[in-house]
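Here the structure comes first, spelled out in structure tokens, and everything after it is commentary.
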Amino acid sequence: MFEKVTKVLAITAVSTMLVVSTAIAAPITIKFAHVVAENTPKGQAANKFRDLVAERLGGKVVVEVFPSSQLFGDDAVLEAMLLGDVQLAAPSLSKFERYTKSLQLFDLPFLFKDMAAAEKFQQSEAGQKLLNSMESKGLIGLGYIHNGLKQISASKPLHVPADANGLKFRIQTSDVLAAQFEALGAVPLKKPFSEVFTLLQTKAIDGQENTWSNIYSQKFFEVQPYITESNHGLIDYLVVTSAEFWNGMPEDIRTEVKKALDDAIAFGNKVAEEKDMSDKQRIIDSKRSEIITLTPEERAQWVEVMKPVWKQFEEEIGKDLIDAAYASN
Ligand code: SIN
């Protein structure tokens, strides 16, 4: 009898150990949700991150990438992150306004003259400080991914601001962008990225603003006969996670995950630089959309009409921050 009990106890102990060791060995899963196609700077950076983590942390951490709004659109992803349903996302900097007003900075029209200036500011002390601007809301910024400068596509040729008067433009969820189109006498409509193509195709809206790579990968150029090369604003991304998830990872693993992310961001930024030129050329080659190049006088008119938006948001964003960003030019 005694022997039988000992045997049962031994078997129970072994199976408990097995269950415990299986639980310890279970990998950490990072779901990375984004809204763009895989052949974009952000899509490529996300896939690179997945691959680097598999290579360097195989078995300990698994990254699952969900492109094209398959898991969450940008409107829902941050709430889902705080609920623990997704661990990583990289919404455009225009989509954080419910969580922080500071990032509205990046939507100010004609703030950066080129991507080098945007990079310089993002890597500066002030730019890095912005990564922590949502800490009180439980969100941590881990880095910036570039896309590029924005162009305006429309159903009619836009040479001067007056040409946009009365037209309906889709914008991201940003009050700064709304003010920018209102300054043109146009009608801004905040709509999810996933709906833009259909809205353009069905002519429910007249135009939108986006980068060359998004205009190409989302096929906006197939349903928009004109694109004005305005370079008036920026679409870059903030890679974001929840503080609860990030700080809950063992430190050694977190360090390795961050290194993989930094390397993936550097890779994505190279893709951004290359795609900015190549996707523009692909659009030209398609002959589906005419690209309008502004004369210096026409461009000056766009600057003059849009620039007052800075004053409108100066108090919310902070004059010092605006000055620091502008100085990077
Ligand atoms: C993105 O590039 O992630 C989306 C930008 C947009 O909503 O226009």
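Every number for a ligand or one of its atoms is a count from 1 in the order of the listing. None of the values given here were measured: they were computed from a predicted structure.
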Under 3.5 Å: N or O atoms of ligand 1 paired with protein N or O:
from: ligand 1; atom 1: 2 (O); to: Asn214; atom 2: ND2; distance (Å): 2.8
from: ligand 1; atom 1: 2 (O); to: Tyr237; atom 2: OH; distance (Å): 2.5
from: ligand 1; atom 1: 3 (O); to: Lys42; atom 2: NZ; distance (Å): 2.6
from: ligand 1; atom 1: 7 (O); to: Lys95; atom 2: NZ; distance (Å): 2.7
from: ligand 1; atom 1: 7 (O); to: Arg170; atom 2: NH1; distance (Å): 3.4
from: ligand 1; atom 1: 7 (O); to: Arg170; atom 2: NH2; distance (Å): 2.9
from: ligand 1; atom 1: 8 (O); to: Arg170; atom 2: NH1; distance (Å): 2.7
from: ligand 1; atom 1: 8 (O); to: Asn210; atom 2: ND2; distance (Å): 2.9

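Annotation: ring-ring contact (aromatic ring centres under 6.0 Å, His included) contacts involving residues 36-86, sequence neighbours excluded, are absent.
When only modelled atom types and interatomic distance are considered, Asp107 and Ser94 share a side-chain donor-acceptor pair under 3.5 Å. A donor and an acceptor atom, one from each side chain of Glu119 and His146, are located under 3.5 Å apart.
Using a 4.0 Å cut-off between a side-chain N of Lys or Arg and a carboxylate O of Asp or Glu, Lys280 and Glu229 qualify as a salt bridge. Using a cutoff of 4.0 Å between basic side-chain nitrogens and carboxylate oxygens, Arg56 and Asp263 are scored as salt-bridged.
In this structure, Lys31 is not positioned above the aromatic face of Phe245 in the sense of NZ or CZ being under 6.0 Å from the six-membered ring centre and within 45° of the axis.
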